[in-house]
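Residues: numbered from 1 along the sequence shown.
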Amino acid sequence: MAPKRPTGAGALDRIPALSPAPVPPGSSDLYAALDLGTNSCRMLIAQPKGSGFHVVDSFSKSVQLGSGLEKTGRLSRGSMARTIQALRICQQKLRRNKVRRMRLVATEACRRALNGAEFMARIQRETGLKLDIIKPEEEAQLAVISCAPLVSRKTENLLVVDIGGGSTELVWIDIKHVPGADRAQSIMRLHGGFKQAVSDIPAAKVVDWISVPLGVATLRDQFSDVEDDAARFALMSWFFEENLTEFTPYQSVQPQERFQIVGTSGTVTTVAASHLGLKRYDRTKVDGLRMTSAQIDKVIHSYLAMGPGGRRADPRIGQDRQALIMSGAAILQALMRCWPTDRLSVADRGLREGLLYAQMSADGVLEEGAF
């Protein structure tokens with residue numbers, strides 16, 4: 001299963017229009033973003049506010065859309081039925097909030113499924129919602145701009161990692177020529193694509209990006225026949241690292257200073273919550289947290305010591321996530337082994353936030369300046 005990558009660095013020739021029409025700055029209109037992934041269906045409804053947005057409604061449900069996909073190559077009847085039920089709730093929320101500007105997308109499970117396009121037609125027929133199956137390039141782009149507010153002014157090289165259910169996106173960005181105060185905004189300007197128009201204004205440069213078709217669900221399924229917990233974890237971590245060898249920065253001389261990794265996924269936020277010892281998840285404590293490699297390893301070793309039963313009983317992991325946390329941890333450990341830093345910035349944000357930022361930026365309703 002070869003990673004999906006562009007011919008050259010950041011090959012996004014054209015991104016579909018993200019909004020039907022521009023609106024005046026300061027618009028009070030609501031925007032929606034829906035992410036139908038391999039495991040979850042999640043939606044945010046938000047209003048532009050300053051250089052960001054204020055969330056007015058949200059939805060999140062584990063639908064396990066990719067269940068059985070690895071074996072059959074198709075979305076199962078049960079997973080599609082669960083997803084339709086979740087999407088009906090989303091449709092009700094959109095109607096109740098009178099949302100007119102929205103972007104609704106599906107990712108790796110629907111990209112890979114033989115009946116993915118057929119399922120999109122069924123969704124529109126039964127719920128009235130039109131979802132787009134987006135390409136890996138756009139998924140990577142959206143992950144990057146969602147993390148823009150977490151980019152340090154001192155960062156010169158940035159690696160954004162989005163660990164999904166069916167795939168993992170990595171984007172390497174060089175911002176050393178961008179003034180420190182403008183580095184986060186330079187990342188935000190990538191909403192129009194990884195290929196930036198020639199300009200006198202110093203811009204973020206996408207050195208390389210890759211979409212590895214291994215996420216927490218697909219990596220787990222690759223080694224479902226391995227019974228020993230520790231052996232399965234080691235094999236998953238090794239296998240994921242093997243899939244990174246074509247990524248340019250993996251082979252090049254890597255910068256040791258002013259380098260930042262930002263990780264966005266349920267795995268990263270769960271590991272952060274475990275590190276903090278939270279009894280109940282608190283986004284305000286997790287989003288933006290910086291963890292060392294040693295702290296991450298300590299949490300992962302504690303997960304291994306718990307075993308499947310202990311992880312299931314841990315309230316920070318829970319029944320839904322316990323089956324996936326070790327494959328996610330294997331990806332995270334492999335990444336921290338490969339890159340020239342001992343710290344990871346935790347992002348409790350991702351595709352939905354990227355979709356909102358992209359729509360609002362395209363419409364010109366976000367204020368320029370610090371986040």
Asker: Look only at the side chain of S237 and the backbone of F233, and say whether a donor-acceptor pair between them is shorter than 3.5 Å.
Answerer: no
Asker: Would L114 end up clustered with I123 when hydrophobic side chains under 4.5 Å apart are linked, directly or stepwise?
Answerer: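 Shared cluster, no.
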Asker: Give a yes or no on whether R77 atom CZ has more than 12 heavy-atom contacts from other residues, nucleotides or ligands under 6.0 Å away.
Answerer: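 Counting other residues, nucleotides and ligands, CZ of R77 stays at 12 neighbours or fewer.
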Asker: Checking side-chain contact (heavy atoms from CB on, under 4.5 Å) between L324 and each of T270, I317, T267, V216, which is the one that passes?
Answerer: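 Testing L324 for a side-chain contact (heavy atoms from CB on, under 4.5 Å) against T270, I317, T267, V216 leaves exactly one candidate, V216.
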Asker: Centres of the F239 and F223 rings: under 6.0 Å?
Answerer: yes
Asker: Nearest 0.5 Å, please: how far is CG in L30 from NZ in K98?
Answerer: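 Reported to 0.5 Å precision, the distance equals 11.0 Å.
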Asker: At their closest point, which heavy atom of I45 faces which heavy atom of A32, and how far apart are they?
Answerer: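 Where I45 meets A32 most closely, the heavy atoms are CG1-CB, 4.1 Å.
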Asker: Of all heavy-atom pairs between A204 and I175, which one has the smallest distance, and what is that distance?
Answerer: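 Of all heavy-atom pairs spanning A204 and I175, the closest is CB-CG2, 3.6 Å.
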Asker: Among I210, V207, V206, which residue satisfies the side-chain contact (heavy atoms from CB on, under 4.5 Å) criterion with W172?
Answerer: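 Running side-chain contact (heavy atoms from CB on, under 4.5 Å) over I210, V207, V206 with W172 returns exactly one hit, V207.
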Asker: Quick one: pull up CG in L289 and OG in S345 and give me the separation to the nearest 0.5 Å.
Answerer: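 Answer for the CG-OG pair, L289 versus S345, is 8.5 Å.
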Asker: Give me the atom names and distance for the closest heavy-atom approach of L75 to A113.
Answerer: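 L75 and A113 have their closest heavy atoms at CG-CB, 3.5 Å.
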Asker: Check step by step if side chain to side chain contact (heavy atoms under 4.5 Å, CB included) holds for S67 and R82.
Answerer: CA-CA 11 Å; S67 179; R82 287 191 299 271; 4.2 Å; yes
Asker: Go through the steps for F194 and E137 under the test side chain to side chain contact (heavy atoms under 4.5 Å, CB included), then give the verdict.
Answerer: CA-CA 9 Å; F194 283 163; E137 299 99 307; 5.8 Å; no
Asker: Just by distance, do the side chain of Q359 and the backbone of L355 share a donor-acceptor pair under 3.5 Å?
Answerer: yes
Asker: Does one hydrophobic cluster hold both M102 and M120, with members joined at side-chain heavy-atom distances below 4.5 Å?
Answerer: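 Same cluster: M102 reaches M120 through Ile, Leu, Val, Met, Phe, Trp or Tyr contacts under 4.5 Å.
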Asker: Check this for me: K61, atom NZ, are more than 12 non-hydrogen atoms of other residues, nucleotides or ligands nearer than 6.0 Å?
Answerer: no
Asker: Answer whether the closest heavy-atom distance between the side chains of V161 and I331 falls below 4.5 Å.
Answerer: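 No; the side chains remain at least 4.5 Å from each other.
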Asker: Assess the residue pair E70 and Q222 against the criterion (side chain to side chain contact (heavy atoms under 4.5 Å, CB included)); give the C-alpha distance rounded to whole Å, side-chain angles, the decisive distance to 0.1 Å, and a yes or no.
Answerer: CA-CA 8 Å; E70 196 69 27; Q222 289 275 344; 3.3 Å; yes
Asker: Measuring from E138:CD to L351:CG, what's the distance to the nearest 0.5 Å?
Answerer: 8.5 Å
Asker: Let me know which of L44, D363, V56 forms a side-chain contact (heavy atoms from CB on, under 4.5 Å) with Y31.
Answerer: D363
Asker: Going from CZ on R103 to CG on L34, what distance comes out if it is rounded to the nearest 0.5 angstrom?
Answerer: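 One gets 11.5 Å once the value is rounded to the nearest 0.5 Å.
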Asker: I need the minimum non-hydrogen distance between L36 and C41, along with the two atoms involved.
Answerer: CD1-CB, 4.0 Å
Asker: Is there a donor-acceptor pair under 3.5 Å between the side chain of S146 and the backbone N or O of G354?
Answerer: no
Asker: List the steps, then state whether side chain to side chain contact (heavy atoms under 4.5 Å, CB included) holds for M360 with K49.
Answerer: CA-CA 10 Å; M360 293 175 186; K49 184 178 181 182; over 6 Å; no
Asker: Hydrophobic clusters here meaning ILVMFWY residues chained together by side-chain heavy-atom distances under 4.5 Å, can you tell me if W209 and I187 are in one?
Answerer: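 Yes, W209 connects to I187 through the hydrophobic network.
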Asker: Any donor-acceptor pair under 3.5 Å linking the side chain of Q295 with the backbone of T292?
Answerer: yes
Asker: Identify whether the distance between the nearest side-chain nitrogen and carboxylate oxygen of R111 and E108 falls below 4.0 Å.
Answerer: yes
Asker: With a 4.5 Å cut-off on side-chain heavy-atom distances among I, L, V, M, F, W and Y, is there a chain of contacts connecting Y281 to V268?
Answerer: yes
Asker: Taking the side chain from T269 and the backbone from G266, do they hold a donor-acceptor pair closer than 3.5 Å?
Answerer: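 Between the backbone of G266 and the side chain of T269 there is a qualifying donor-acceptor contact (under 3.5 Å).
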Asker: In Å and rounded to the nearest 0.5 Å, what is the OG to NE2 distance from S302 to H275?
Answerer: 11.5 Å
Asker: Going by distance alone, is a donor N or O of one side chain under 3.5 Å from an acceptor N or O of the other, for S58 and R352?
Answerer: no
Asker: Using 0.5 Å steps for rounding, measure from the CG atom of L131 to the CZ atom of F119.
Answerer: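 Rounded to the nearest 0.5 Å, the CG-CZ separation comes out at 8.5 Å.
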Asker: How would you list, by chain and number, every residue that makes a ring-ring contact (aromatic ring centres under 6.0 Å, His included) with F59, sequence neighbours excluded?
Answerer: none
